[in-house]
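This report refers to the structure that appears directly beneath it.
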Amino acid sequence: PPFFFKHAIISCPSVKKAKLMRMASEEAMEGRASFVDGIKLFFDGDWLLLIPDQFADNLHVYVQARRADEGKELFSWFSRKIEGWIEEKG
């Protein structure tokens, strides 16, 4: 069956990557998650994977969903969270 898949690169200063991964891991504690290849959050058959780029000031976000509208919403929701975490002081 067809599915939605998206990969995006979000700019993130290296000094904030550890904080973002910690915040994402705290977010993951509320549901089902895997920490094998980064932080992968599962949502009723859909998933989102966050991987920090080891060479550049970027985060890689991957989303797979059964339907495009659900995948786009999942990506938008988590992208807003990431941007908020980046903007926070500290």
Please verify the inter-ring angle class for Tyr62 with His7; under 30° counts as parallel, over 60° as perpendicular, anything in between as tilted. parallel

Following the transitive rule for hydrophobic clusters with a side-chain heavy-atom cut-off under 4.5 Å over Ile, Leu, Val, Met, Phe, Trp and Tyr, establish whether Phe35 and Leu41 coincide in one cluster. yes

Are any side-chain N or O atoms of Lys16 and backbone N or O atoms of Ile86, one a donor and one an acceptor, separated by less than 3.5 Å? yes

Distance col, row Lys40:NZ vs Ile51:CD1, nearest 0.5 angstrom, shows 9.0 Å

Given side-chain contact (heavy atoms from CB on, under 4.5 Å), test Cys12 with Asp57 step by step and report yes or no. CA-CA 5 Å; Cys12 174; Asp57 289 350; 5.9 Å; no

Kindly say whether Arg22 contributes a backbone atom to a donor-acceptor pair with the side chain of Ser25 at under 3.5 angstrom? yes

To the nearest 0.5 Å, what is the distance between CD1 on Ile82 and CD1 on Ile10? 4.0 Å

side-chain contact (heavy atoms from CB on, under 4.5 Å) between His60 and Asp53: does it pass, once the steps are laid out? CA-CA 7 Å; His60 294 266; Asp53 192 305; 2.9 Å; yes

Do Phe43 and Leu50 belong to the same hydrophobic cluster, where Ile, Leu, Val, Met, Phe, Trp and Tyr are linked whenever their side-chain heavy atoms lie under 4.5 Å apart, directly or via other members? yes

All heavy atoms of Lys17 vs all of Leu59, minimum pair found to be CG-CD2, 4.4 Å

Do the side chain of Ser79 and the main chain of Phe75 share a donor and acceptor less than 3.5 angstrom apart? yes

Rounded at 0.5 Å granularity, tell me how far CE in Met21 sits from CD1 in Ile39. 3.5 Å

Using the rule that two of Ile, Leu, Val, Met, Phe, Trp, Tyr join whenever any of their side-chain heavy atoms come within less than 4.5 Å, decide whether Val15 and Met23 are in one cluster. no

Check whether Val61 and Trp77 end up in the same hydrophobic cluster, where Ile, Leu, Val, Met, Phe, Trp and Tyr are linked by side-chain heavy atoms less than 4.5 Å apart. yes

Carboxylate-amine/guanidinium proximity below 4.0 Å for Lys19 and Glu88: yes

Look at atom CG of Asp44 and say whether more than 12 heavy atoms of other residues, nucleotides or ligands are closer to it than 6.0 Å. no

Indicate the atoms forming the closest heavy-atom contact of Glu70 with Ala65, along with that distance. C-CB, 4.3 Å

From the list Trp47, Phe78, Phe4, side chain to side chain contact (heavy atoms under 4.5 Å, CB included) partner of Val63 resolves to Phe4

When rounded to the nearest 0.5 angstrom, what distance separates CG in Leu74 from CD in Gln64? 11.0 Å

A cation-pi test, strictly: NZ or CZ of Arg66 under 6.0 Å from the centre of the six-membered ring of Phe3 and no more than 45 degrees from its axis. Yes or no? no

Between Glu83 and Arg80 (salt bridge meaning N to carboxylate O under 4.0 Å), is one present in this structure? no

